[in-house]
Amino acid sequence: MTRRFTVLGALAVVCAAVELVAGRGMSPGVVWDVLNGGGDATERHIVFQLRLPRLMVALGAGACLAVAGLVLQSALRNPLAGPEVTGVTPGAVLGAVTATALGLAGWDSPLAVVLAACAGGCAGAALLWLLAGRGRGDPAQTAVHGVLVSAVLGGLTAMVLLVEPGELGSVVQWLVGTTEGRVWEHWHLLWPWALVWGVAAWLLAGPLTLLRCGDDIALAAGLSVRRARTLALMCAVAVAAGAVAAVGALGFIGLLVPHLAVAVFGADLRRSLPGAALTGAVVVCGADAVAQLSSRLLATALDSGRLTLPVGALTACLGAALLLLVVRRTPSRTF
């Protein structure tokens with residue numbers, strides 16, 4: 001287990017190094033020179049005020065989404081549960097967009113956006129919980145209701161944009177998910193939020209492990225199932241909403257990364273929760289590095305200096321392809 005964490009940590013360092021040198025405008029040699037104390041004022045500003053906070057936000061958001069997904073899947077005993085299909089992500093986006101349209105928050109005010117996103121994420125999760133009713137323990141029914149809730153919340157977001165079309169440019173990036181333009185203010189807001197709720201999730205690792213085994217076993221072990229599940233859902237909603245408020249709706253991170261973490265680190269959530277956080281950080285950081293490299297190549301090939309591939313588009317495409325591949329290879333498995 002120690003070796004697995006070490007390998008994953010080394011992979012995170014590699015992905016972080018690639019992301020720092022992947023952006024346009026500076027060669028890897030110049031970036032390395034700046035990190036060693038050289039470079040002019042402009043180059044130092046690009047590395048330390050633009051690229052480094054973007055890297056840190058990508059790592060933190062990936063960790064948050066993966067932890068939120070694993071907590072949701074464990075609490076609901078549903079392998080399809082994730083921020084994307086339980087109303088949390090679209091609800092958080094709707095909350096942030098609505099608060100901005102009403103003048104209660106602005107994209108230059110990350111704290112207000114986080115609070116609005118958390119409120120929207122809680123509302124989206126509560127709506128799914130009410131619609132699922134007695135069938136909330138059935139993975140298929142929960143997935144269907146989750147798609148319905150996500151569609152409704154997405155439609156409401158579109159209605160808000162019709163009322164305030166001036167917000168369309170910035171909101172589209174949040175709907176897709178991007179780390180573009182993230183600065184230290186975003187990181188200073190994200191890391192304490194992620195730390196508090198990440199510790200809360202780890203403290204719930206024991207009850208969550210029992211919930212994965214079934215309500216009957218959890219009750220026999222003396223666990224208050226309703227209380228544990230409620231606390232776990234609150235934790236998952238909060239940590240996911242914080243990530244969405246920082247980078248937008250990154251698709252499939254909270255759905256697929258938890259399965260990978262459990263496969264690598266086992267079903268004991270005392271190990272798989274930190275493993276999921278590290279895996280999610282690696283996946284988002286690596287995807288962001290690939291997105292920047294792809295943008296650089298496409299801009300050169302198409303002679304377009306403004307072309308930017310958002311990391312959310314890349315994770316959505318790769319995640320959908322991976323999910324389709326798994327389903328086709330194991331058609332008899334229940335997802």
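Side chains included, hydrogens not; waters and symmetry mates left out as well; all remaining heavy atoms used.
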If we only count heavy atoms from C-beta on, is the Leu219 to Leu223 side-chain gap below 4.5 Å? no
Would you say Val196 and Leu115 are hydrophobically clustered, going by side-chain heavy atoms of ILVMFWY under 4.5 Å? no
Shortest non-hydrogen contact from Cys285 toward Leu55: SG-CD1, 3.5 Å
Counting C-beta onward and ignoring hydrogens, is there a side-chain heavy-atom pair between Leu20 and Leu35 closer than 4.5 Å? yes
Shared hydrophobic cluster, Leu231 / Leu269 (ILVMFWY, side-chain heavy atoms < 4.5 Å): yes
Within the 4.5 Å heavy-atom criterion, are Val247 and Thr178 side-chain neighbours or not? no
So CH2 of Trp184 and CZ of Phe48: to nearest 0.5 Å the spacing works out to 9.5 Å
Closest non-hydrogen atom pair between Pro90 and Thr157, with its separation: O-OG1, 4.5 Å
Could you check whether any side-chain N or O of Arg182 sits under 3.5 Å from a backbone N or O of Val57, counting only pairs where one atom can act as donor and the other as acceptor? no
Working to the nearest 0.5 Å, report the span between CG of Leu208 and CG of Leu273. 7.0 Å
Is there a donor-acceptor pair under 3.5 Å between the side chain of His186 and the backbone N or O of Val183? yes
Tightest non-hydrogen contact, residues Ala313 and Val176, listed as N-CG1, 3.6 Å
Taking all non-hydrogen atoms of both residues, which atom of Ala236 and which atom of Ala68 are closest, and how far apart? O-CB, 3.6 Å
Hey, what do you get for CG (Leu233) to CG (Leu76), rounding to the nearest 0.5 Å? 5.5 Å
Can you get from Leu203 to Val237 by hopping between Ile, Leu, Val, Met, Phe, Trp and Tyr side chains that sit under 4.5 Å apart? no
Please check: side-chain N/O of Glu19 versus main-chain N/O of Ala16, any donor-acceptor pairing under 3.5 Å? no
Counting only N and O atoms by type, is there a donor-acceptor contact under 3.5 Å from the side chain of Ser295 to the main-chain atoms of Leu309? yes
Pairs satisfying side chain to side chain donor-acceptor pair (under 3.5 Å), at least one member in residues 206-222, at least two apart: Ser74-Arg212, Asp215-Arg229
Could you report the tightest heavy-atom contact between Gly87 and Leu153, atom names first, then the distance? O-CD1, 3.6 Å
Is a donor on one side and an acceptor on the other found under 3.5 Å between the side chain of His259 and the backbone of Pro79? yes
Between the SG atom in Cys235 and the CG atom in Leu72, the distance rounded to the nearest 0.5 Å is 9.5 Å
Would you confirm whether Gln73, through its side chain, and Leu255, through its main-chain N or O, come within 3.5 Å as a donor-acceptor pair? yes
Exercise: identify the closest heavy-atom pair between Ala66 and Pro258: O-CG, 3.6 Å
Taking Gly312's backbone N and O only, do any of them form a donor-acceptor pair with Thr315's side chain (distance below 3.5 Å, no angle check)? yes
Per the side chain to side chain donor-acceptor pair (under 3.5 Å) rule, what does the pair list look like for residues 276-291, sequence neighbours excluded? Arg54-Asp288, Thr179-Asp288
Got a donor-acceptor contact below 3.5 angstrom from the Trp202 side chain to the Arg270 backbone? yes
State which residue, out of Val239, Ile253, Val88, fulfils the side-chain contact (heavy atoms from CB on, under 4.5 Å) condition with Leu65. Ile253
Atom pair OG1/CG of Thr6 and Leu11 - distance to nearest 0.5 Å: 12.5 Å
With a 4.5 Å cut-off on side-chain heavy atoms, are Ser272 and Leu70 touching? yes
Do any N or O atoms from the side chain of Asp33 and from the backbone of Gly29 form a donor-acceptor pair under 3.5 angstrom? no
Rounded to the nearest 0.5 Å, what separation is found between the CG atom of Leu59 and the SG atom of Cys64? 11.0 Å
Which class fits the ring pair Trp193 and Trp197: parallel under 30°, tilted 30 to 60°, perpendicular over 60°? tilted
Is it true that Val71 and Phe265 fall in one hydrophobic cluster, defined by side-chain heavy atoms closer than 4.5 Å? no
In one Ile/Leu/Val/Met/Phe/Trp/Tyr side-chain cluster, 4.5 Å: Val7, Leu278: no
Could I get the full list of salt bridge (charged side-chain N to carboxylate O under 4.0 Å, His left out) partners for Arg271, not counting sequence neighbours? Asp268
Can you tell if the side chain of Leu318 reaches within under 4.5 Å of the side chain of Leu322, non-hydrogen atoms only? no
Are any of the side-chain heavy atoms of Val284 and Leu250 separated by less than 4.5 Å? yes
